[in-house]
Amino acid sequence: MRHWLVKSEPNVFSVDDLEACPDQTRWWKHVRNYQARNFMRDDMQIGDRVFFYHSNTDIPAIVGLAEIASEPYPDPDAFDPEAKYYDPKSDPENPRWFLVDIRLTTKLDQPISLKTIKAHSETLGDLPLIRKGNRLSVMPVTSEQWDYIMSLRAA
DNA sequence: GCCAACGTTGGC
DNA sequence: GCCAACGTTGGC
């Protein structure tokens with residue numbers, strides 16, 4: 001099993017929005033970045049655990065725990081000329097962009113803030129989230145990092 | 001293939 | 001609102 005961290009801007013799609021979805025499950029985000037795409041398309045598996053992170057907000061933080069709820073599948077909006085995320089270079093025969101569904105398992109009572117995570121950068125320094133300039137919207141988390149971050153919940 | 005210009009991300 | 005970092009685009 002792998003672990004991931006996915007970013008979402010709460011004014012676009014928040015953990016509360018995910019919680020309100022049927023079965024707390026929804027497709028996740030129009031990724032248009034090849035590195036992120038490759039993680040989703042090639043490495044994500046049903047049941048993988050996911051940190052749901054709020055970016056670009058007052059207190060950037062991990063706000064929920066989720067899991068991958070579907071196999072990767074082509075992003076239908078990439079084929080729709082009317083859609084904002086239409087990409088004429090993606091076609092159904094050879095789709096360029098992919099989605100997975102995610103299911104919220106736990107909304108955290110006490111979010112784990114970026115500030116807290118950064119305070120442990122000596123241990124978590126390899127986490128792309130806290131590497132300077134990193135803008136990946138989906139990134140792998142090692143099981144050690146996962147456990148360590150979970151241990152910060154009580155702090 | 002190079003690289004300047006531009007757009008986006010996202011913390012602060 | 002600012003700005004650093006980075007990816008993409010497009011002229012050459």
Side-chain angles (χ1 to χ4, degrees), chain A residues 2-21 26-44 48-68 72-102 104 106-142 144-146 148-155:
Chain A
R2 292 173 185 255
H3 303 75
W4 306 95
L5 183 147
V6 304
K7 295 179 184 173
S8 191
E9 300 189 28
N11 64 344
V12 177
F13 186 73
S14 72
V15 68
D16 292 325
D17 295 329
L18 181 56
E19 187 178 38
C21 289
R26 200 192 76 153
W27 59 274
W28 179 72
K29 199 167 177 172
H30 296 103
V31 164
R32 292 292 183 269
N33 167 283
Y34 287 107
Q35 195 178 357
R37 188 279 309 271
N38 291 345
F39 286 137
M40 293 177 73
R41 185 190 62 183
D42 303 336
D43 297 328
M44 281 188 170
D48 284 356
R49 294 197 180 173
V50 177
F51 284 134
F52 191 90
Y53 175 86
H54 278 175
S55 65
N56 204 10
T57 187
D58 285 353
I59 303 176
I62 294 168
V63 293
L65 308 179
E67 63 183 14
I68 304 298
Y73 57 94
D75 180 348
D77 281 358
F79 309 136
D80 178 1
E82 303 296 314
K84 181 181 175 188
Y85 289 90
Y86 175 58
D87 181 349
K89 292 179 220 149
S90 185
D91 75 82
E93 296 301 309
N94 186 21
R96 177 173 298 203
W97 304 113
F98 286 79
L99 302 173
V100 292
D101 292 347
I102 68 169
L104 183 69
T106 306
K107 185 174 146 187
L108 297 181
D109 292 332
Q110 292 184 294
I112 305 163
S113 70
L114 179 62
K115 187 178 172 188
T116 296
I117 294 167
K118 279 188 166 173
H120 295 265
S121 59
E122 200 164 311
T123 306
L124 297 170
D126 289 340
L127 190 68
L129 184 70
I130 54 177
R131 282 211 296 262
K132 190 178 172 78
N134 197 285
R135 301 180 311 171
L136 267 183
S137 61
V138 47
M139 67 189 71
V141 177
T142 68
E144 290 81 7
Q145 288 166 342
W146 179 278
Y148 189 80
I149 291 169
M150 290 293 277
S151 79
L152 301 177
R153 294 172 71 185

Between A:D75 and A:D77, what is the shortest heavy-atom contact and its length?
OD1-N, 2.9 Å
Contact list please: residues 123-137 of chain A against DNA chain C, heavy atoms, distance less than 4.0 Å, in numerical order.
A:K132, A:G133, A:R135
Would you name the heavy atoms of A:K29 and A:K7 that are closest together and state the gap between them?
NZ-O, 3.1 Å
Nearest-angstrom distance from the residue atom NE2 of A:H30 to C1' of B:dT8
17 Å
Nucleotide nearest A:K7 (side chain, heavy atoms from C-beta), chosen from B:dG11, C:dG7, B:dG10:
B:dG10
Spacing of A:K89 atom NZ relative to C:dG10 atom C1', expressed in whole Å
11 Å
Measure from CH2 on A:W97 to P on C:dT8 and round the result to the nearest Å.
7 Å
Rounding to a whole Å, what distance do you find between A:Q35:CD and B:dT9:C1'?
14 Å
Mind checking if A:K115 touches a base, just sugar-phosphate, or nothing, with heavy atoms under 4.0 Å?
nothing
Tell me: OH of A:Y34 to C1' of B:dT9, nearest whole Å?
18 Å
Parallel, tilted or perpendicular: which describes the rings of A:W146 and A:F51, with under 30° parallel and over 60° perpendicular?
parallel
Heavy atom of residues 51-61 of chain A under 4.0 Å from DNA chain C: which residues?
none
Distance-minimising heavy-atom pair for A:P10 and A:D17:
O-OD2, 4.3 Å
Min side-chain heavy-atom separation A:V138-A:W28 under 4.5 Å
yes
Taking it one step at a time, do A:R49 and A:L65 satisfy side-chain contact (heavy atoms from CB on, under 4.5 Å)?
CA-CA 7 Å; A:R49 294 197 180 173; A:L65 308 179; over 6 Å; no
Contact summary for A:K89 and A:R96, nearest pair of heavy atoms:
CB-NH2, 3.3 Å
A:F52 and A:S8 have their tightest heavy-atom pair at CZ-CB, 3.7 Å
To the nearest angstrom, how far is A:I117 atom CD1 from B:dC12 atom P?
12 Å
A:L114 side chain: which of B:dC12, C:dT9, B:dG10 is closest?
B:dC12
Determine whether a donor-acceptor pair (N or O, by modelled atom type, separation under 3.5 Å) exists between the side chain of A:R131 and the backbone of A:D126.
yes
